[in-house]
Amino acid sequence: MDRANSCCFTGHRESKLPWGKNEEDINCLSLKESIYDAVEAVYRSGRRHFICGMATGCDFYFCEAVMKLRDEHPDVTVEAAIPFEGQYKGWSEEQQRRYLRLISECDYQTVIQKDYSPSCYMNRNRYMVDSSSVLIAAYNGRRGGTMNTLLYAIRNGLELIQLPIND
């Protein structure tokens, strides 16, 4: 894919979100709306390819927002950037079903490495940033993978769209 035509996403897993798994929480619904608005703005700016890291929480929200956009604009493509084979193993049955449904609806799947390693998520995040010109970040200011991806994107000159997470 063409980097100039691509957008990736970073955000927190549900365990780091103030509402946890409660996606009916007003703050979660507000974030999902903000993610969709950001995806739509990126589309209006000319990007058509969206890359998602497929973790629980914000990644799922992003993937679903892009798929909703794709329903309206068939020229949109969605790529699942999978850090390692079997990423979803060990998740709840509900999370696994959602993941497998989303993966099956993606236009492309890129498995970064076959087996888990301590660096596989960082490798996945770098792949997404290296393949994109825009990063949408749902970020609460705390240290971790989301912050590291955001900093890597800044160092690599990506356009940033930051979405705050309300507690």
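The model shown is predicted, which means the values in this text are computed figures rather than measured ones.
In the hydrophobic clustering of this structure, Met128 does not group with Val78; members are Ile, Leu, Val, Met, Phe, Trp, Tyr whose side-chain heavy atoms approach within less than 4.5 Å, directly or through other members. Tyr116 and Met122 fall into different hydrophobic clusters, defined by Ile, Leu, Val, Met, Phe, Trp and Tyr side-chain heavy atoms under 4.5 Å apart, directly or through other members. By the criterion of side-chain heavy atoms lying less than 4.5 angstrom apart, applied directly or through intervening Ile, Leu, Val, Met, Phe, Trp or Tyr residues, Leu17 is grouped together with Leu102 in one hydrophobic cluster. Ile51 and Val42 fall into different hydrophobic clusters, where Ile, Leu, Val, Met, Phe, Trp and Tyr side chains are chained together by heavy-atom contacts under 4.5 Å. Hydrophobic cluster membership is shared by Leu158 and Ile154, with clusters built from Ile, Leu, Val, Met, Phe, Trp and Tyr side chains linked at under 4.5 angstrom.
Going from atom CE of Met147 over to atom OH of Tyr139 covers 5.0 Å, rounded to the nearest 0.5 Å. The OG atom of Ser119 sits 5.5 Å away from atom CD of Gln113, with the distance rounded to the nearest 0.5 Å. Atom CZ in Arg126 sits 13.0 Å away from atom SG in Cys8 (nearest 0.5 Å). Separating the OG atom in Ser131 from the NE2 atom in His49 is a distance of 7.5 Å, to the nearest 0.5 Å. Going from atom CG of Asp115 over to atom CD of Glu85 covers 7.5 Å, rounded to the nearest 0.5 Å. Interatomic distance, CG of Leu100 versus CH2 of Trp91, reported as 9.0 Å (0.5 Å rounding).
Gln109 places a side-chain heavy atom less than 4.5 Å from the side chain of Ile82. Here the side chains of Arg70 and Glu105 are in contact, with some heavy-atom distance below 4.5 Å. In this structure the side chain of Phe50 reaches within 4.5 angstrom of the side chain of Leu69, judged on heavy atoms. Counting heavy atoms from C-beta on, the side chains of Ile35 and Phe9 come closer than 4.5 Å. Put simply, the side chain of Val39 does not reach to within 4.5 Å of the side chain of Lys68, judged on heavy atoms. At a threshold of 4.5 Å between non-hydrogen side-chain atoms, the residues Met67 and Cys106 count as touching. Here the side chains of Asn27 and Pro18 are not in contact, with every heavy-atom distance at 4.5 Å or above. Taking 4.5 Å as the limit, some side-chain heavy atom of Gln162 sits within range of a side-chain heavy atom of Leu150.
The nearest pair of heavy atoms linking Leu31 to Pro164 is CD1-O, 4.1 Å. Gly145 and Asn125 get closest at one heavy-atom pair: O-ND2, 4.1 Å. Counting all heavy atoms, side chain and backbone alike, Asn156 lies closest to Val129 at CB-CG1, 4.3 Å. Minimum interatomic distance between Asn5 and Gly46 (heavy atoms only, all atoms of both residues): OD1-O, 3.1 Å. Shortest non-hydrogen contact noted between Gly53 and Arg124 is O-NH1, 2.7 Å. In this structure, Ala153 and Leu160 approach most closely via the heavy-atom pair CB-CD2, 4.0 Å.
Although no hydrogens or angles enter the test, the distance criterion places a donor-acceptor pair under 3.5 Å between the side chain of Arg48 and the main chain of Tyr43. Distance alone, capped at 3.5 Å, places no donor-acceptor pair between the Thr110 side chain and the Ala81 backbone.
Among residue pairs with one or both ends in residues 1-18, none qualify as salt bridge (Lys or Arg N to Asp or Glu O under 4.0 Å); sequence neighbours excluded. Legend: salt bridge (Lys or Arg N to Asp or Glu O under 4.0 Å) pairs involving residues 128-137, not counting sequence neighbours: none detected.
Ionic pairing of Glu93 and Arg97 is present here: one or more N-O contacts between side-chain nitrogen and carboxylate oxygen are shorter than 4.0 angstrom.
For CD1 of Ile26, the number of neighbouring non-hydrogen atoms (other residues, nucleotides, ligands) closer than 6.0 Å is 12 at most.
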side-chain contact (heavy atoms from CB on, under 4.5 Å) between Ile112 and Cys120, worked out | CA-CA 8 Å; Ile112 306 304; Cys120 66; over 6 Å; no
List the atom pairs, with distances to 0.1 Å, where a side-chain N or O of residues 57-65 and a protein N or O form a donor-acceptor pair under 3.5 Å, not counting sequence neighbours.
{"unit_1": "Asp59", "atom_1": "OD2", "unit_2": "Met54", "atom_2": "N", "d": "3.2"}
{"unit_1": "Asp59", "atom_1": "OD2", "unit_2": "Ala55", "atom_2": "N", "d": "3.0"}
{"unit_1": "Tyr61", "atom_1": "OH", "unit_2": "Trp19", "atom_2": "NE1", "d": "3.2"}
{"unit_1": "Glu64", "atom_1": "OE1", "unit_2": "Arg98", "atom_2": "NH2", "d": "2.8"}
{"unit_1": "Glu64", "atom_1": "OE2", "unit_2": "Arg98", "atom_2": "NE", "d": "2.9"}
{"unit_1": "Glu64", "atom_1": "OE2", "unit_2": "Arg98", "atom_2": "NH2", "d": "3.3"}
{"unit_1": "Glu64", "atom_1": "OE2", "unit_2": "Arg101", "atom_2": "NH2", "d": "3.3"}

